[in-house]
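Below is one structure, written out as structure tokens; the observations come after it.
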Protein chains: 2
Amino acid sequence: MFEFLQNKINDTIIISDQEFEHAKTFFMPKKLRRKRFLLQEGDPCVYTCFVEKGLLRSFRIDDKGNEHILQFGMQGWWVADLYSFLTGEASEYNIEALEDSELLLITKPSWDQLLSELPVLERYFRILIQNNLIATQNRLMRNMTITAEQRYTNLLSEFPGISQRVPQHMIASYIGVTRETLSRLRSQISHQ
Amino acid sequence: MFEFLQNKINDTIIISDQEFEHAKTFFMPKKLRRKRFLLQEGDPCVYTCFVEKGLLRSFRIDDKGNEHILQFGMQGWWVADLYSFLTGEASEYNIEALEDSELLLITKPSWDQLLSELPVLERYFRILIQNNLIATQNRLMRNMTITAEQRYTNLLSEFPGISQRVPQHMIASYIGVTRETLSRLRSQISHQ
DNA sequence: CGCCGAGTTGAACTGAATCAAGAAACGTGG
DNA sequence: CCACGTTTCTTGATTCAGTTCAACTCGGCG
């Protein structure tokens, strides 16, 4: 259940098995079935979650009822609404399983305690968040500079196989176009 | 020269004066005059910079020659192209002073050493980057959901006084529209 | 079998970009 | 302190990418 987390942490910092065993005690394993929600808008985001297996998405619903996907959470990724998790305020995001998933959950109090007992993890999380920030800045700038078609092909090369795991209308709502537009882009691409 | 940095760090972590005095030795003060560049695209981003005074912007230029602003760096903010700074690869960003500015620069080797000698700063940077990530995710989602007009009024309320310090075409390139569009939005707003 | 969600296609519409031209503000040198 | 060029801002006409609305197909599933 904890293999992926251990691998991921060992990729960035040096941590003893003993320390990791201690870290494990702060997490709560949870299985979440496809189409079930870990977080619904209006509720506070109580958990930050590590995806050991499966696939999640975090998304918002705007005034017109359209979904906008912030993140796909694949194996080895962390998913949460950070702002709500840190402040305890109601979240504007939903987090839903797109496949039957195995998660490791941690609450804010546990996370605080984990970091104070194993300060070496500050570094792990700093680097994790740092990489996430770089990727998000990149996505932001690309949304301003490149066309929807380029964003689509970029997504496919960044997450190979995603189009087999995620319905197209969700891919559309990740790259920021309607399902109709993505459908048209795809037919253009396939006719050269 | 270091007052703002010390304040900012003390806002998030507990650090002794002694430790801060040691930290100071890793930074290089620099004055950068208006319209001068700290980083030009094609060069690696050698420094991460803390703005003690003044105003910077980081921006990209796309294929058509249009500028897109990633960040305004006001007093108390950190500015860099993180990816290039961490990897040493050529940057696609420019960093320019919009006002005569006083900066504190730190190189990658110094930063690594600083963090290993004062690991308490891991926490400071983790929280700093965390807040930056939240803000960037927010901006990304808002670019997908709300209109250019709302983004403009949001910007004005988030950075009061920015329209006095930054020319309008740069505000346009921050919110992701052309100068012409922003001009028209503004005239609509002022005629109710 | 009928229903429902997912995807496609068409036609009309719209917000913003582009192209173009002119007005206002700014700053630098004489 | 004025004159000149440069940068910034505005306004208009046209074009275009993407949305919206609507109808239809396809495949899975109770």
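Because the structure is a prediction, the values reported are computed rather than measured. In what follows, chains carry the letters A, B, and so on, assigned in the order in which the sequence lines appear, proteins first and then strands, with residues in each chain numbered from 1.
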I need the [atom1]-[atom2] distance between [X] and [N], as an integer number of Å.
X: B:Gln164; N: D:dT8; atom1: CD; atom2: P; answer: 17 Å
X: A:Ile189; N: C:dT8; atom1: CD1; atom2: P; answer: 12 Å
X: B:Arg186; N: D:dT11; atom1: CZ; atom2: P; answer: 10 Å
X: A:Ile171; N: C:dG7; atom1: CD1; atom2: C1'; answer: 13 Å
X: A:Arg179; N: C:dC4; atom1: CZ; atom2: P; answer: 17 Å
X: B:Met144; N: D:dG18; atom1: CE; atom2: P; answer: 15 Å
X: B:Gln188; N: D:dG12; atom1: CD; atom2: P; answer: 13 Å
X: B:Ile175; N: C:dG15; atom1: CD1; atom2: P; answer: 16 Å

B/S/- along nucleotides 18-25 of chain C (protein heavy atoms under 4.0 Å) is BBB-----

- Co-membership, hydrophobic cluster, residues A:Ile129 and B:Trp78, 4.5 Å side-chain: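 Both belong to a single hydrophobic cluster.
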
Heavy-atom nearest nucleotide on DNA chain D for B:Ser183 versus A:Thr147: which residue maps closer to 5'?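 Per heavy-atom nearest nucleotide, the more 5' residue is B:Ser183.
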
How do A:Ala148 and B:Lys35 order along DNA chain D: which one's closest nucleotide is nearer the 5' end?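 Between the two, 5'-proximity favours B:Lys35.
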
When the ring centroid of B:Trp77 is compared with that of B:Phe50, is the distance short of 6.0 Å?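 No; B:Phe50 has its ring centre 6.0 Å or more from that of B:Trp77.
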
On DNA chain C, does the nearest nucleotide to B:Arg34 precede the nearest nucleotide to B:Leu182 from the 5' side, or the other way round? Give the residue.
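Nearest nucleotide further toward 5': that of B:Leu182.
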
Practice problem: Would you please confirm or rule out a distance under 4.0 Å between OP1 or OP2 of D:dT7 and any side-chain N or O of B:His169? | Solution: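 Answer is no, no contact under 4.0 Å.
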
Using a cut-off of less than 4.0 Å, is there contact between a side-chain N or O of B:Gln168 and OP1 or OP2 of D:dT10?
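It does, given that an N or O in the side chain of B:Gln168 lies less than 4.0 Å from OP1 or OP2 of D:dT10.
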
Residue pair [X] / [Y], side-chain donor-acceptor N/O under 3.5 Å:
X: A:Arg60; Y: A:Asn94; result: no
X: A:Tyr152; Y: A:Arg186; result: yes
X: B:Gln188; Y: B:Arg184; result: no
X: A:Ser183; Y: A:Glu180; result: no

* Asked: Where the side chain of B:Val177 is defined as all heavy atoms beyond and including C-beta, which of C:dA6, C:dA17, D:dT19 is the nearest nucleotide?
  ->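 From the listed options, C:dA17 comes nearest.
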
Counting neighbours of CZ on A:Phe27 that are heavy atoms of other residues, nucleotides or ligands and sit closer than 6.0 Å, is the number greater than 12?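 Yes - once you tally the heavy atoms of other residues, nucleotides and ligands closer than 6.0 Å, there are more than 12.
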
